[in-house]
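A quick write-up on the structure given underneath.
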Amino acid sequence: MPTIKLFNTWTRKAEAFKSITEGEVGIYTCGPTVYHNAHIGNMRAFIFADVLRRTFDYAGYKVNHVMNITDVGHLTDDGDLGEDKMLVAMRREGLNAWDIAKKYTEVFFEHAAKLNIRKPDHVPCATDHIKEQIDMVQKLEEKGFTYKTSDGVYFDTSKIDDYGYLARLDIDGLQAGERVDMGEKKNLTDFALWKFSPKDAQRDMEWDSPWGVGFPGWHIECSAMSARYLGEHFDIHTGGIDHIPVHHTNEIAQSECAHGKKFVNYWMHVAFLNLKDGAKMSKSSGKFLTVDAFEDEGISPLAYRYLCLTTHYRMGMDFDWDSLKAAATGHRRLCERVQKLADGQSLDSVELSKAALAHKAKIDEALFDDLNTAKALGQVFTMLDADDVSGLEKAKLASLVDSIFCIDILSYAPPKADVPAEVQAMLEARNAARKDRDFAKADQLRDEITALGFVIEDTAQGSVVKRG
RNA sequence: GGCGGGGUGGCGAAGAGGUCUAACGCUGCGGUUUGCAAAACCGUCAUUCACGGGUUCGAAUCCCGUCUCCGCCUCCA
C-alpha cells in the first residue's frame, strides 16, 4: 500500500495516512443542505471529496464513503433569532418541506453526476435518522453535558477543557466579538442539540422526543450518522473550511463526550471558491452559479472539474469565466490528444514499460502528496511529451489517472452544437463555392456563418460547424 | 478584535533550502498545414519569485519587518 500524505487540520501538518483498519478507510463528508440548489462552490467541495475517495480506491484501499443529506431546516442564525431556511424555501416555492428536500436532493445528484462525482457508498438523510440523533442527545444528557432552556436542549461547552482545539479557538477573543446572540445559553459557544417547535405553530418537520416536540440541532446529525455508518471512531472527515470553527468543533465535542473516545483521525478541509468580482458565493445571498450555468454557456461541467483539479484543494480559488474557458480548452485538447494516441484500441492488455512506470510513479507521487492534482496533471502533460514511451502506453497511463481525475479523457466529446438548417444550408453553399474555386463567395458565406455565432472547421473528412 | 490562506511570466497555477537562468495549462508570437482562415501539430515566451533586511557556501523556498489581497469567525462547502 503506497504512503498517502494528507494535511490534517487537527495537527496543521501533512501526515502519512495510517488507517484504523489495515487496507480500509472510512470517510465522512459533510454533504449538501437541500433547501436550495448546490452552487459551484459547494460542488468544488464535493469534487474534492470525490477525488479523495477515488485516490484511496486507486491506492487499493477498500473505501467506505458516507455523505449526509441535510434535509432538516435549521435556523439562519445560531441564536434564537433567524428563520428556518427550509421555511424560506417553502415560501419561495410554495412546496412543503418534504417536497423541497426531495426536489433539491434529486437536483444535487444530477449535478454531481454531471461532474462525475461518484455517489458515496451511503448518503443518509438527517430525517431518516432522528432516532439515532435523539439517542445520542440522551447519552449526552445522561453524562451531564446538557441543559435545557425554554427553546431547546443545549450542549454545555464549559464541561470540556479542550473545546475548540480543532479551530484553535480563542474563547476570550470570541467573547470580544460578541456577534452571537446568547439567548438563554450559559456560554457563548454552547449549541443546540434539540430545538422545540414553536408553541403556536406546527412545523412540516417535527418529531416527538423525551424533551418535547421539535427537531434536531444542526450538528448532531453528522455525529449520529457517522457513528451509525462508520463507527464511533473513524479515519477521515471532510468539509469546507467554514466548518472548522463551529460545525466540526461541535461535532467533536458531542461525539467524543457521547462515546468517550477519539472521534476522527484526520480532518480535511477544502478552501472556498470565490467569485472574482468579490461577490460572495452563498445560498443565502440568492445569487450564485450552478452547474446548469455551465451548460447554458455551452461549457462541459467536466471543464469545471478540470479547473478544480488545476488548483490545490487548500488554496482559495477565484472563479471567473475566462479561467473556466481556458480550462475547457485545456481539457478538450488533453482528451483529443489522448484519444488520438489510443486510436480506439483496447488498453487493457497494454503492458507498461519501465519508462512508463517511471512516469506513473511521478504522477502517483503528486497524487499521494496531499492530493496535489495540479502537479499530477502537469506530470501527465510532461508524460505525453516524453519520447521514451509509446503512444498506447501514454494513453494507458492517462486512462489510469483518469480513474481519479474522472474527466472522461478517453470518452469526452465536445457538446455538439445544434446547427440550424439555415446555417447548414449556408455551409453546403460554401462547400459548393469552394469546389468551384469561388473563394470570394465561400469566404463571404464563412463570414456570415461566423456572424451567426458558429465556427467552421475544415477537416480531411469535410467541413464541420461548431458553436463559436 | 480573533483565526486562517495568499502575493511566482499577459492569465491560471505547481515548486517550499542546491537538480530553479522556476513544471504544467491557457493566451500571445514564429512556423508546418490551408486557396485564405479555423482546427491540429512543431517551436517560442520569467537570470526571476510583493518589498526591505537577515541566516546560509547556497533562498522563490528559512527568520524578522513592511506593504497588500482574500476567506472564516453569523446559515453557508
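Quick caveat, the model's predicted, so the values are computed rather than measured. In what follows, chains carry the letters A, B, and so on, assigned in the order in which the sequence lines appear, proteins first and then strands, with residues in each chain numbered from 1.
Here B/rC3 presents its C1' atom at 14 Å from OH of A/Tyr165, a figure rounded to the nearest Å. Summarising the geometry, the separation between CH2 on A/Trp218 and P on B/rU74 is reported as 10 Å, rounded to the nearest angstrom. Straight-line distance from the CD atom of A/Glu221 to the C1' atom of B/rC76: 14 Å, rounded to whole Å. For the pair A/His36 NE2 and B/rA77 C1', the computed distance is 16 Å after rounding to whole Å. The CD atom of A/Gln379 sits 10 Å away from the C1' atom of B/rA14 (whole-angstrom rounding). Distance CD1 (A/Ile244) to P (B/rC3): 14 Å, rounded to an integer number of Å. Nucleotide B/rA13 holds its P atom 13 Å from the CG atom of A/Leu324, rounded to whole Å. B/rC76 atom P lies 14 Å from atom NE2 of A/His269, rounded to whole Å.
Distance check on atom C1': B/rU68 versus B/rU32 gives 46 Å, rounded to whole Å. The gap from the P atom of B/rC41 to that of B/rC49 amounts to 34 Å, rounded to the nearest Å. One C1' atom belongs to B/rU27, the other to B/rA16, and the distance between them is 28 Å to the nearest Å. Only the P atoms considered, B/rA46 is 15 Å distant from B/rG25, to the nearest whole Å. For the C1' atom pair drawn from B/rC73 and B/rC29, the interatomic distance equals 48 Å after rounding to whole Å. Of the P atoms belonging to B/rA50 and B/rA39, the separation is 35 Å, rounded to the nearest Å. Here, B/rA13 and B/rC36 have their C1' atoms 37 Å apart, quoted to the whole Å. Atom P of B/rA14 sits at a distance of 14 Å from the matching atom of B/rA23, rounded to the whole Å.
Mapping A/Ala45 and A/Gly330 onto RNA chain B via the closest heavy atom, the residue that lands nearer the 5' end is A/Gly330. Residue whose closest nucleotide on RNA chain B sits further toward the 5' end, between A/Cys30 and A/Glu336: A/Glu336.
Cation-pi contact between A/Lys185 and A/Tyr154: absent, since separation from the ring centre below 6.0 Å together with deviation from the ring axis within 45° is not met. With A/Phe439 as the aromatic partner, A/Arg437 does not meet the cation-pi criteria of under 6.0 angstrom to the ring centre and within 45 degrees of the ring axis.
At a cut-off of 3.5 Å, with distance as the only test, no side-chain donor of A/Asp121 or A/Tyr229 sits close to an acceptor on the other residue.
At the phosphate of B/rG25, neither OP1 nor OP2 sits under 4.0 Å from any side-chain N or O atom of A/Arg333. At least one side-chain nitrogen or oxygen of A/Asn372 sits closer than 4.0 Å to the OP1 or OP2 atom of B/rG15. Dashed line: the shortest gap from a side-chain N or O of A/Thr459 to OP1 or OP2 of B/rA40 is not under 4.0 Å. Between A/Arg332 and B/rA40, a side-chain N or O to OP1/OP2 separation shorter than 4.0 Å is present.
Look at B/rC76: it lacks any Watson-Crick or wobble partner with both distances under 3.5 angstrom. Of the nucleotides present, none pairs with B/rU55 by Watson-Crick or G-U wobble criteria with both distances under 3.5 Å. If you check B/rG25 for Watson-Crick or wobble pairing at under 3.5 angstrom, you find it paired to B/rC11. With a cut-off of 3.5 Å on both pairing distances, B/rU19 has no Watson-Crick or G-U wobble partner at all. Nucleotide B/rC41 has B/rG31 as its partner under the Watson-Crick or G-U criteria, with both atom distances under 3.5 Å. The partner of B/rG4 is B/rC70, by the rule that a Watson-Crick or G-U pair needs both atom distances under 3.5 Å.
The base of B/rG4 has none of its N or O atoms less than 3.5 Å from a complementary donor or acceptor on the side chain of A/Arg12. For B/rA37, the base has a donor-acceptor partner in the side chain of A/Asp458 [N/O atoms by modelled type, under 3.5 angstrom].
Among B/rA77, B/rA38, B/rC73, the nucleotide with an atom closest to any side-chain atom of A/Pro245 is B/rC73. Taking the side chain of A/Phe272 as heavy atoms from C-beta on, and the options B/rC26, B/rC73, B/rG71, the nearest nucleotide is B/rG71. For A/Ala374, the side-chain atoms get nearest to B/rA13 when compared with the rest of B/rA13, B/rC76, B/rG35. Taking only side-chain atoms of A/Asn274, from C-beta outward, the nucleotide of B/rG35, B/rA38, B/rG71 with the closest atom is B/rG71. Of the candidates B/rC36, B/rA38, B/rC76, B/rC76 carries the atom nearest the A/His39 side chain, counting heavy atoms from C-beta on. For A/Asp242, whose side chain is taken as the heavy atoms from C-beta onward, the closest listed nucleotide among B/rC72, B/rC36, B/rU27 is B/rC72. You'll find that the side chain of A/Thr311 is closest to B/rA13, out of B/rA77, B/rA40, B/rA13.
Residues A/His219 and A/Phe155 place their aromatic rings such that the two centres sit no closer than 6.0 Å.
Within 4.0 Å of A/Asp322, counting heavy atoms only, lies no atom of the nucleic acid at all. Heavy atoms of A/Phe439 sit under 4.0 angstrom from at least one base atom. Among the protein residues, A/Tyr306 comes within range of the sugar-phosphate backbone only, with heavy atoms under 4.0 Å from sugar or phosphate atoms but none that close to a base. Nucleic acid contact class of A/Lys325 (heavy atoms, under 4.0 Å, all strands): none. Within 4.0 Å (heavy atoms only), A/His331 reaches no atom of the nucleic acid at all. When heavy atoms are screened at a 4.0 angstrom cut-off, A/Met315 is found touching the sugar-phosphate backbone but no base atom. Among the protein residues, A/His243 comes within range of the sugar-phosphate backbone only, with heavy atoms under 4.0 Å from sugar or phosphate atoms but none that close to a base. Looking at heavy-atom distances under 4.0 Å, A/Thr382 makes contact with sugar-phosphate atoms alone, never a base.
At least one side-chain heavy atom of A/Phe381 sits less than 4.5 Å from a side-chain heavy atom of A/Leu334.
The 12-atom threshold is exceeded at CD of A/Glu15, counting heavy atoms of other residues, nucleotides or ligands nearer than 6.0 Å.
A search for side chain to side chain donor-acceptor pair (under 3.5 Å) contacts involving A/Arg333 returns nothing, not counting sequence neighbours.
Ion pair A/Asp436/A/Lys441 not flagged as a salt bridge, since none of the NZ, NE, NH1 or NH2 atoms sits closer than 4.0 Å to an Asp/Glu carboxylate oxygen. Ion pair A/Arg430/A/Asp447 not flagged as a salt bridge, since none of the NZ, NE, NH1 or NH2 atoms sits closer than 4.0 Å to an Asp/Glu carboxylate oxygen.
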